Amino acid sequence: MVAIAVEEPGRLKLHAAEAVAPDSGEVLVRVHKAGICGSDVHILHGSNPFARYPRIIGHEVSGRIESVGANVTGLEPGDRVVVDPVVSCGHCYACRIGRQNVCANLEVLGVHRDGGFRTYLPVSAANVVKVPATLPLAIAALAEPFSIAANVLTRTECSADDVILIYGAGNIGLTVLQVAKLMGARCIIADTDPARVAGAAKFGADLTVLATPDAVRGAVESENDGLGPTLVIDAAGAPELLREAVSLVSPAGRVGLLGFSGEPSELVQQDVVRKEISIHGSRLSRRLLPQVVGWLADGKLAPQSMITQTYKAEDAQAAFALLETDPSAAIKVQLDF
Ligand code: MN
Ligand code: ZN
């Protein structure tokens, strides 16, 4: 029984962990699998602006309910679940219009409060989503990363009419690719890493591009009757790509941003207005885990090959070391609790 904490930037520490009694509105989750996210690495590096230390990290969690609090209904010990890491206040403007993921009082498990890299996770009953018995818990633990893709493609109203250009063929780019394919879009994906470009082809990309600015433009300008992609998603988190995205996108097109850089982007007003481009930020997900669990359970995504390495939770140091030294060898690294 273990809990994995970042004591202070740069210092990961394993603690012994015990089961606790859940509060009246909580359940206690016996964690089974948890994925390591880029944001966990950022907290370890001290480059996440919201993290406070010490912090038990982790927010991509599946497991079984161990016990339930006195006021919990509809959930019972033994239920197989995934955890939605978004904790929202329910009364601010964003919450009132159904956008809890940008709650003014937002707290994210593993970031603002202790998260799921621990054997026993007490969490509000409102934050667990049941998963069917047919869905392996390792696959279920991918529901949160897929929910990021579901959120940006919901925000940008992706459909079968779209030709989508995805910047970045890392973990997030590959989830966006799979969900966009599910929605019927034609998918072009670009990355500067040849290994990632080759990998993206196996996840169903219609066209892959080894990214240089000229290569991306050359690859997409004939699309959509020569008007360019109808939707561009930045899953690389590179602020300098916004200007190019707005330049390449079709009239009446949309651009979705997933990065969290503090650096400014250049934007040409004329491009945005002339083509009436919509630019959407997308953060976390707005209660989309149930939908994603449904897709996973129905076999509509290809998640198995997303999981490239699994480490025992006790070997978390080695898992994080791999992400430091050889990040392109990993799509999703999971910890086994
Ligand atoms: Mn994540
Ligand atoms: Zn709120």
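A quick note: this is a predicted structure, and the numbers were derived from the prediction, not measured. For ligands, and for the atoms within them, numbers begin at 1 and follow the listed sequence.
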Looking only at the aromatic ring of each residue, does the gap between the centers of Phe320 and Tyr311 stay below 6.0 angstrom? no
Does Cys103 bring an N, O or S atom to within less than 2.8 Å of the Zn ion (ligand 2)? yes
What angle, to the nearest 10°, do the atoms SG (Cys37) and NE2 (His59) form about the Mn ion (ligand 1)? 100°
Is it true that Arg64 and Asp79 make a salt bridge, defined as a side-chain N closer than 4.0 Å to a carboxylate O? no
Please work out the angle at the Zn ion (ligand 2) defined by atom SG of Cys89 on one side and atom SG of Cys92 on the other, rounded to 10°. 110°
For the Mn ion (ligand 1), does an N/O/S atom of Glu60 lie at less than 2.8 Å? yes
Going by side chain to side chain donor-acceptor pair (under 3.5 Å), Ser250 matches just one of Asn224, Asp225, Thr230. Which one? Asn224
Distance from Met306 atom CE to Asn171 atom CG, nearest 0.5 Å? 4.5 Å
